[in-house]
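Residue numbers begin at 1 in each chain, while the letters A, B, ... track the order of the sequences. Model, not experiment: these values are computed from the prediction.
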2 protein chains.
Amino acid sequence: MNGKNNPEWHRNFRQRGMRITEPRKAILEVLNNTTEHLSAEEIYMSVHRTYPNVGLTTVYRNLELLEEMGIIAKFHFGDGRSRYELIHSPQKPGHHHHLICTGCKQIIDYDDFVEEEIELLTKVEQALSAAHNFQITGHTIQFYGICHACRGNL
Amino acid sequence: MNGKNNPEWHRNFRQRGMRITEPRKAILEVLNNTTEHLSAEEIYMSVHRTYPNVGLTTVYRNLELLEEMGIIAKFHFGDGRSRYELIHSPQKPGHHHHLICTGCKQIIDYDDFVEEEIELLTKVEQALSAAHNFQITGHTIQFYGICHACRGNL
DNA sequence: TCCTTAATGAAAATGATTTTCATTAACAAT
DNA sequence: ATTGTTAATGAAAATCATTTTCATTAAGGA
């Protein structure tokens with residue numbers, strides 16, 4: 001968690017009159033230490049190991065909150081549940097562009113042409129902003145396909 | 001439905017031993033005649049007007065089927081339900097790149113820089129194919145933001 | 001230490017989607 | 001055209017992720 005015992009998100013929370021609680025610390029701890037794209041249930045199970053009394057409801061509530069605050073992003077990969085990622089993750093900084101196998105559901109954070117993608121996306125973002133009078137807050141790029149292993153199982 | 005009374009999808013279906021049924025005709029009819037991004041329930045309601053005895057279950061089953069066949073695409077726009085689009089729609093041919101207002105949930109099929117996007121996407125697709133040994137079947141590009149009207153309501 | 005109220009946990013409710021199963025109807029063979 | 005096989009259907013029940021309710025707890029300012 002950044003090595004500091006009073007991280008910057010504390011300030012962020014307190015400003016909004018929100019309290020620093022064990023469940024919140026635990027949830028952010030889990031998200032900070034994973035490279036995966038965890039679902040609410042998975043985050044809950046992970047948190048549960050250290051804080052067995054934290055409930056699934058609380059996990060859902062805080063994930064929603066963290067998303068509204070712009071701290072995490074919520075993704076849909078087609079497996080019927082939402083998955084969450086820290087927007088500025090120490091584990092995988094930068095973009096969140098995904099390659100998903102529709103067979104085994106594995107999710108790959110790819111790096112190919114990301115520079116160019118970002119460049120174009122920025123341009124598109126500006127165009128959309130202007131043309132449709134939107135204030136853009138985020139984007140999603142996903143490629144779907146079948147991985148080598150799954151192709152073997154056909 | 002294409003002006004022909006024996007459309008090409010009939011052949012497509014029969015080849016797989018699948019039958020041409022009223023519900024299937026009705027569902028494709030609805031998808032063919034909309035520019036919207038309909039949910040299963042919305043498709044069901046639309047079908048229901050003409051064929052009141054077609055059930056919601058059947059709509060779900062056939063949407064899944066049509067997706068597997070590569071005839072329609074399933075999207076998630078963050079409102080908790082899946083939405084479907086004909087991949088080759090007579091109403092909006094070409095791409096399916098979306099701009100979504102997180103306030104009012106409106107979905108815009110935008111046209112800005114789509115040429116360039118497709119060009120880059122094709123390049124990325126090839127790179128991913130090679131680098132990760134994937135057979136790419138589709139992609140998703142979405143921008144999220146707040147539209148002008150919704151910004152007023154804050 | 002006390003007080004206010006944000007936050008929590010457990011259980012119930014909700015809502016989209018899937019499964020079950022008995023019935024119907026496509027369509028190939030007759 | 002009639003029949004037989006079985007894919008497809010519809011209704012109801014089941015499932016599963018997520019949300020709501022509500023009584024209780026605890027963060028943090030006074």
Side chain of B:Thr57, base of D:dA12: donor and acceptor closer than 3.5 Å? yes
d(CD1, A:Ile20; P, D:dG29) in whole Å: 10 Å
Judged by modelled atom types alone, do A:His98 and A:Gln142 share a side-chain donor-acceptor pair under 3.5 Å? no
Check the surroundings of atom CD in B:Glu119: do more than 12 heavy atoms from other residues, nucleotides or ligands lie under 6.0 Å from it? no
Taken to the nearest whole Å, CZ/A:Arg11 to P/D:dG28 is 16 Å
Is the closest side-chain donor-acceptor distance between B:Glu42 and B:Tyr84 under 3.5 Å? no
Tell me which nucleotide among C:dT8, D:dG28, D:dA11 gets nearest to the side chain of A:Arg24. C:dT8
Can you find a donor-acceptor pair, distance only, under 3.5 Å between A:Arg19 side chain and C:dA7 base? no
Base, sugar-phosphate or nothing for B:Ser82? Non-hydrogen atoms, less than 4.0 Å. sugar-phosphate
A:Leu63 CG - D:dA17 P separation (whole Å): 15 Å
Can you tell me how far P of C:dT8 sits from CE of A:Met18, to the nearest Å? 9 Å
Check this one for me: any side-chain N or O of A:Tyr60 less than 4.0 Å away from OP1 or OP2 of D:dT18? yes
Would you say A:Asn53 places a side-chain N or O within less than 4.0 Å of OP1 or OP2 belonging to C:dA10? no
May I have the distance from B:Asn62 (atom CG) to C:dT17 (atom C1'), rounded to whole angstrom? 15 Å
Measure from the ring center of A:His139 to the ring center of A:His97 and say whether it is less than 6.0 Å. yes
Base, sugar-phosphate or nothing for A:Arg14? Non-hydrogen atoms, less than 4.0 Å. sugar-phosphate
Aromatic contact between B:His37 and B:Phe77, with the criterion being ring centroids under 6.0 Å apart: yes or no? yes
When the distance from NE2 of A:His10 to P of D:dG29 is rounded to whole Å, what number comes out? 13 Å
Is there a donor and acceptor pair, one atom on the side chain of B:Arg61 and one on the base of D:dG10, closer than 3.5 Å? yes
Counting just side-chain N and O atoms, does A:Thr21 come under 4.0 Å of either OP1 or OP2 of C:dT8? yes
Length of the line joining B:Leu56:CG and D:dT9:P, which is rounded to integer Å: 13 Å
A:Lys74 has an atom NZ; how far is it from atom P of D:dT19, in whole Å? 6 Å
